[in-house]
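In what follows, a single structure is set out as structure tokens and then discussed.
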Amino acid sequence: MYNNVKEVFDRALAPFPGVKWACCPLDFSQWKESGKYNYALLVYAPYDEIMTIWKYKEPRQAAQKRRRSATMKEVAAALEKAAKAAGIPFLIPPVTRDNMSPPYKMSLSSKEVGVRSGVGWIGRSDLLITYDYGPRIETVSAVFYADHMETRPPVTKNQCGDCSLCVKACPFHLITGKTWKEGTPREELLDYHNCSVQRDLLGRKMGLGRKFMCARCLLACPVGVENIQKLNASLERKEENGCTACSADS
């Protein structure tokens with residue numbers, strides 16, 4: 001009954017250029033305990049602008065994140081609609097917005113789904129570094145049921161090599177520089193609480209009405225930049241040629 005899940009997801013995501021997905025068994029999550037779901041899904045989309053720490057403008061980065069967040073809401077709605085129509089048990093768990101209080105963890109971690117589904121690894125910045133787009137992504141995570149899904153091997157160790165650009169980019173000096181491997185607590189990589197506090201204080205000082213976006217650790221990462229540039233160039237050519245197939249926000 002649930003053998004056509006891949007086709008359903010592929011069709012639902014086809015209108016969104018650059019959006020990719022992967023899945024993994026749900027053995028690690030509390031969501032399997034209900035018996036309704038047995039796989040976790042990660043959907044990820046690249047940012048539409050390549051910005052570097054040398055050409056950094058906080059309002060532009062904040063605006064970019066808002067654009068991609070809006071796109072991912074559309075993606076989530078498309079997946080929910082498609083899964084419901086196909087009779088596939090599917091749920092997008094609620095995401096906490098209380099980033100000021102420990103333990104700062106969601107009921108379904110996009111980063112954990114990412115490494116377990118072979119999408120990427122955890123960088124020194126504690127960000128998910130995807131092979132396709134590096135850390136310049138917005139994500140949606142979900143749980144679903146399928147009879148069988150082809151999955152990739154999980155990533156179990158850091159792939160950053162000797163690179164430490166994110167460590168040097170942090171204006172608050174909160175990235176320790178340690179290397180991630182499977183099972184490494186994120187507290188060994190990043191002082192997450194202080195990162196949240198410092199950005200909140202700076203946002204208040206600047207009168208932003210929100211946390212300071214920062215993202216310098218993300219912007220410093222070279223992984224995936226070339227792929228995003230190629231995707232953007234391809235979409236620009238299609239637009240110039242009058243192609244309307246990719247009508248979603250990219």
Side-chain angles (χ1 to χ4, degrees), residues 16-20 43-77 95-101 104 106 110-111 114 120 123-130 132-141 163-175 186 189-236 239-240 246-250:
F16 302 95
V19 173
K20 296 178 179 287
V43 185
Y44 55 105
Y47 284 170
D48 56 10
E49 180 182 359
I50 296 295
M51 198 182 309
T52 67
I53 57 175
W54 298 280
K55 296 181 179 180
Y56 175 75
K57 298 292 183 181
E58 197 273 350
R60 282 172 56 194
Q61 179 62 21
Q64 175 168 224
K65 184 172 179 63
R66 287 194 296 271
R67 289 195 302 273
R68 299 316 277 163
S69 294
T71 297
M72 296 313 283
K73 287 182 179 179
E74 295 179 15
V75 166
V95 178
T96 178
R97 292 299 180 189
D98 182 12
N99 294 325
M100 292 298 292
S101 302
Y104 311 102
M106 299 179 291
S110 293
K111 288 188 283 189
R124 288 184 171 86
S125 58
D126 191 47
L127 295 173
L128 174 63
I129 313 297
T130 64
D132 296 304
Y133 304 130
R136 292 172 168 83
I137 56 170
E138 285 293 314
T139 64
V140 170
S141 296
C163 181
S164 59
L165 291 175
C166 61
V167 180
K168 299 173 183 176
C170 179
F172 307 117
H173 309 292
L174 298 176
I175 302 174
R186 74 172 169 186
L189 305 175
L190 170 71
D191 187 340
Y192 197 90
H193 179 66
N194 260 333
C195 176
S196 181
V197 169
Q198 293 299 327
R199 291 189 298 111
D200 183 66
L201 291 173
L202 188 54
R204 293 172 187 270
K205 183 178 180 180
M206 296 174 66
L208 298 176
R210 56 171 172 78
K211 288 184 183 180
F212 182 75
M213 182 61 61
C214 195
R216 287 179 178 269
C217 57
L218 180 153
L219 300 177
C221 183
V223 180
V225 170
E226 185 176 348
N227 286 342
I228 297 176
Q229 289 173 332
K230 288 180 179 178
L231 173 64
N232 289 344
S234 174
L235 294 174
E236 287 174 5
E239 185 175 347
E240 291 172 358
C246 299
S247 58
D249 176 25
S250 57

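Throughout, residue positions are numbered sequentially from 1 according to the sequence presented.
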Problem - Option passing side-chain contact (heavy atoms from CB on, under 4.5 Å) with Arg199 (candidates Met213, Lys211, Arg204) - result: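 Running side-chain contact (heavy atoms from CB on, under 4.5 Å) over Met213, Lys211, Arg204 with Arg199 returns exactly one hit, Lys211.
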Handout entry: Steps toward side-chain contact (heavy atoms from CB on, under 4.5 Å) verdict (Ser110, Leu128)
Key = CA-CA 8 Å; Ser110 293; Leu128 174 63; 5.6 Å; no
Check whether [X] reaches the backbone of [Y] with its side chain - one donor and one acceptor, N or O, closer than 3.5 Å.
| X | Y | value |
| --- | --- | --- |
| Tyr56 | Cys214 | yes |
| Arg136 | Cys221 | yes |
| Tyr192 | Asp126 | no |
| Asn227 | Asp132 | yes |

Exercise for the section: For Arg210, look at atom CZ and say whether over 12 heavy atoms of other residues, nucleotides or ligands are found less than 6.0 Å away. Expected result: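 Atom CZ in Arg210 is packed in, count exceeds 12.
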Handout entry: Heavy-atom neighbours of Gln229 CD exceed 12 at 6.0 Å
Key =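 Yes, enclosed.
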Check [X] against [Y] and note the closest heavy-atom contact, atom names and distance.
| X | Y | result |
| --- | --- | --- |
| Ser125 | Leu190 | O-CD2, 3.8 Å |
| Ala220 | Ile53 | N-CG2, 4.0 Å |
| Gly123 | Leu189 | O-CD1, 4.0 Å |
| Gly18 | Leu231 | CA-CD2, 3.7 Å |
| Leu174 | Cys195 | CD1-N, 3.3 Å |
| Ile175 | Cys166 | CD1-O, 3.4 Å |

Let me confirm one number: the [atom1]-[atom2] distance from [X] to [Y], rounded to the nearest 0.5 Å.
| X | Y | atom1 | atom2 | answer |
| --- | --- | --- | --- | --- |
| Ser141 | Met72 | OG | CE | 9.0 Å |
| Asp48 | Leu235 | CG | CG | 10.0 Å |
| Asp191 | His173 | CG | NE2 | 13.0 Å |
| Ile50 | Glu226 | CD1 | CD | 11.0 Å |

Problem - Derivation and outcome, side-chain hydrogen bond (donor to acceptor under 3.5 Å, both in side chains), residues Gln64 and Gln61 - result: CA-CA 5 Å; Gln64 175 168 224; Gln61 179 62 21; 3.3 Å; yes
Practice task
Report the residue from Lys65, Arg68, Lys73, Arg67 that forms a salt bridge (charged side-chain N to carboxylate O under 4.0 Å, His left out) with Glu138.
Solution key: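 Running salt bridge (charged side-chain N to carboxylate O under 4.0 Å, His left out) over Lys65, Arg68, Lys73, Arg67 with Glu138 returns exactly one hit, Lys65.
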Problem - Residues Asn194, Phe172; criterion side-chain contact (heavy atoms from CB on, under 4.5 Å); working and verdict - result: CA-CA 9 Å; Asn194 260 333; Phe172 307 117; over 6 Å; no
Exercise for the section: Check whether any side-chain heavy atom of Leu208 lies under 4.5 Å from a side-chain heavy atom of Glu58, and answer yes or no. Expected result: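 They are in contact (side-chain heavy atoms under 4.5 Å apart), so the answer is yes.
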Problem - Audit row: Val43, Phe16, side-chain contact (heavy atoms from CB on, under 4.5 Å) steps and yes/no - result: CA-CA 11 Å; Val43 185; Phe16 302 95; over 6 Å; no
